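What follows is a set of notes on a single structure, which appears directly below.
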2 protein chains.
Amino acid sequence: MNETKPTSIRGSSRERILEAARALFHRQGFEATSFSDIAREAGIPRGNFYYHFKTKDEILRAVIARWRTRLEEALGQIERATPQPLERIHRMLAYPLEESETNVRYGCPLGSLVYELRKAEHPPQVWQEAVGLFDVLADWLAARLRELGWSAGPARLLALRALARLQGAILLASAYGDQGLLAAEVADLYDWIRHQRPQENAP
Amino acid sequence: MNETKPTSIRGSSRERILEAARALFHRQGFEATSFSDIAREAGIPRGNFYYHFKTKDEILRAVIARWRTRLEEALGQIERATPQPLERIHRMLAYPLEESETNVRYGCPLGSLVYELRKAEHPPQVWQEAVGLFDVLADWLAARLRELGWSAGPARLLALRALARLQGAILLASAYGDQGLLAAEVADLYDWIRHQRPQENAP
DNA sequence: GTCTATAGATTGATAGAC
DNA sequence: GTCTATCAATCTATAGAC
């Protein structure tokens, strides 16, 4: 994680490997993506990137960390774009629509990855890091709900419920290859959140 | 470990192969499951079942057909159990809870399979057959809604929306390994459907 | 129909020259 | 740091004896 040599530019090789792996894990899945695939996509000889990553799991963990950075940057950008909690939530929910075609074709890159990792036998640490990506989104959503007056418990509950609806919408839209379905579900999801009231969810 | 004796009634090699493949595709995924895995689980020598199935895709399609039969039988049983549309819907939504532990551990066998097949490069016919499993559920749900007075269009829409919520609930519960989360989401999902009104969804 | 042996390709990973 | 050559293991699939 820590780059001990600040002088070296983010190695173009390492960077290209990571970006290639991230895209391929999304399009093909983790198991189905071979080193050869990554090497071809990154334009780098096969054996070379064992210098950067010792195992395939190491690449996976780096890709997960990359997704975390991506998410946090996107959420930060939303916060800078508008101060209104509801508008922030709306933009977050509409985020999968920005790459609608890819997401409908290959599913949510986070959801499909987590689903795959739960099956394979990786060190628990690996898929927990992947699940941590959901927490980034859930925590952020819950924080916006608290800005709207929700207390912590119900906010967390509704955030998870919204995340589940979003994941389900992407999965079904992906299954049917229907971008319109995803857009409609995102719109309905936002409408649904807007009409929720805290007391309805309090224990 | 669960050392099951191959002395069960399902003596047919083909039947044992199919059941082993169905379970392994759920637990490990399609790509990650090798012929060796299936052979071991079915208690049958590797090379033998090329007599029954010529390719791995052929096994996959047979497993999908098996799921379709399973679903239709389960739905038929629900219909025989109760004539009330709402109670039928409730039982259908609670169906994933019957194997809660397995579904939370490995995800929905249909949803995770469809997600995986969308990535791999199979003949279009294959993943469309898999997506057809969703149609079995969506059509059945829509029929129950029509029994409640909904017209065809809105019924289909709400059925797909409910299916999306169910899939999302299983995916998130699987990610967090939380059976309670799945149970809570199923309960809320049923409550949510019960309070929907057709006119709210009409165009 | 059942099973063994094995082909032919690809996998993740290593060693070492430059 | 970059790249070539290659390992041992495993993959899907085939051929053919019983």
Side-chain angles (χ1 to χ4, degrees), chain A residues 2-22 24-25 27-64 113 116-117 119-123 125-127, chain B residues 5-22 24-25 27-64 113 116-117 119-123 126-127:
Chain A
N2 314 21
E3 191 69 88
T4 53
K5 295 209 169 183
T7 56
S8 68
I9 305 172
R10 294 290 283 181
S12 66
S13 284
R14 185 191 157 92
E15 198 62 20
R16 270 154 64 198
I17 289 170
L18 269 187
E19 178 53 24
R22 184 202 59 77
L24 284 169
F25 290 172
R27 299 208 304 266
Q28 306 185 348
F30 173 73
E31 293 272 357
T33 297
S34 69
F35 280 116
S36 301
D37 294 331
I38 303 176
R40 193 183 315 118
E41 177 107 350
I44 285 174
R46 273 236 306 283
N48 183 25
F49 52 71
Y50 280 93
Y51 170 77
H52 299 283
F53 304 96
K54 293 188 189 70
T55 68
K56 203 181 174 189
D57 263 11
E58 209 166 296
I59 300 185
L60 172 59
R61 296 181 64 182
V63 165
I64 292 172
L113 180 64
E116 186 181 357
L117 294 185
K119 294 177 188 293
E121 291 165 6
H122 295 93
Q125 198 178 6
V126 176
W127 74 260
Chain B
K5 299 253 179 171
T7 60
S8 58
I9 312 169
R10 329 190 78 76
S12 156
S13 286
R14 185 192 158 92
E15 196 64 19
R16 271 157 62 198
I17 289 170
L18 270 187
E19 178 53 25
R22 185 202 59 77
L24 284 169
F25 290 172
R27 298 210 303 267
Q28 306 185 347
F30 174 73
E31 295 272 356
T33 298
S34 70
F35 280 116
S36 301
D37 294 332
I38 303 176
R40 192 183 316 119
E41 178 106 350
I44 285 175
R46 272 234 307 285
N48 182 24
F49 52 71
Y50 279 93
Y51 169 77
H52 300 284
F53 305 96
K54 293 190 189 68
T55 68
K56 203 181 174 188
D57 263 10
E58 209 166 296
I59 300 185
L60 172 60
R61 296 180 64 182
V63 165
I64 293 172
L113 180 64
E116 186 181 358
L117 294 184
K119 293 177 188 293
E121 291 166 5
H122 295 94
V126 177
W127 74 261

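In this text, all values refer to a predicted model and were calculated from it rather than measured experimentally. Naming convention: chains lettered A, B, ... in sequence-line order (proteins, then strands); numbering from 1 in each chain.
Contacts between residues 50-62 of chain B and DNA chain C, defined by a heavy-atom separation under 4.0 Å, are made by B:Tyr51, B:His52.
Between the P atom of C:dC3 and the CD1 atom of B:Ile38 lies a distance of 17 Å, rounded to the nearest Å. Atom P of nucleotide C:dA9 and atom CZ of A:Phe35 are separated by 23 Å, given to the nearest angstrom. Rounded to whole Å, the distance from CD on B:Glu15 to P on C:dG1 is 14 Å. Between the CD atom of A:Glu31 and the P atom of D:dT10 there is a distance of 14 Å, rounded to whole Å.
The CZ atom of A:Arg61 lies 4.0 Å from the CD atom of A:Gln125; values are rounded to the nearest 0.5 Å. The line from CZ of B:Arg27 to CD of A:Glu121 is 10.0 Å long, rounded to the nearest 0.5 Å.
Annotation: side chain of A:Trp127 is not in contact with side chain of A:Ile64 (no heavy-atom distance under 4.5 Å). Counting only heavy atoms from C-beta outward, the side chains of B:Ile38 and B:Glu41 never approach each other to under 4.5 Å.
A sub-4.0 Å separation between OP1 or OP2 of C:dT11 and a side-chain N or O of A:Ser36 is present.
Judged by closest nucleotide on DNA chain C, A:Ser34 is the one of A:Asn48 and A:Ser34 placed further toward the 5' end. Mapped onto DNA chain D by nearest heavy atom, A:Gly47 and B:Phe30 fall at different nucleotides, with A:Gly47 at the one closer to the 5' end.
Closest approach of A:Leu117 and A:Leu60 over heavy atoms only: CD2-CD2, 3.8 Å.
In this model, no side-chain donor or acceptor of A:Arg46 finds a partner on the base of C:dT14 within 3.5 Å.
Between A:Glu19 and A:Arg22, at least one side-chain N (NZ, or NE/NH1/NH2) sits under 4.0 Å from a carboxylate O, which counts as a salt bridge.
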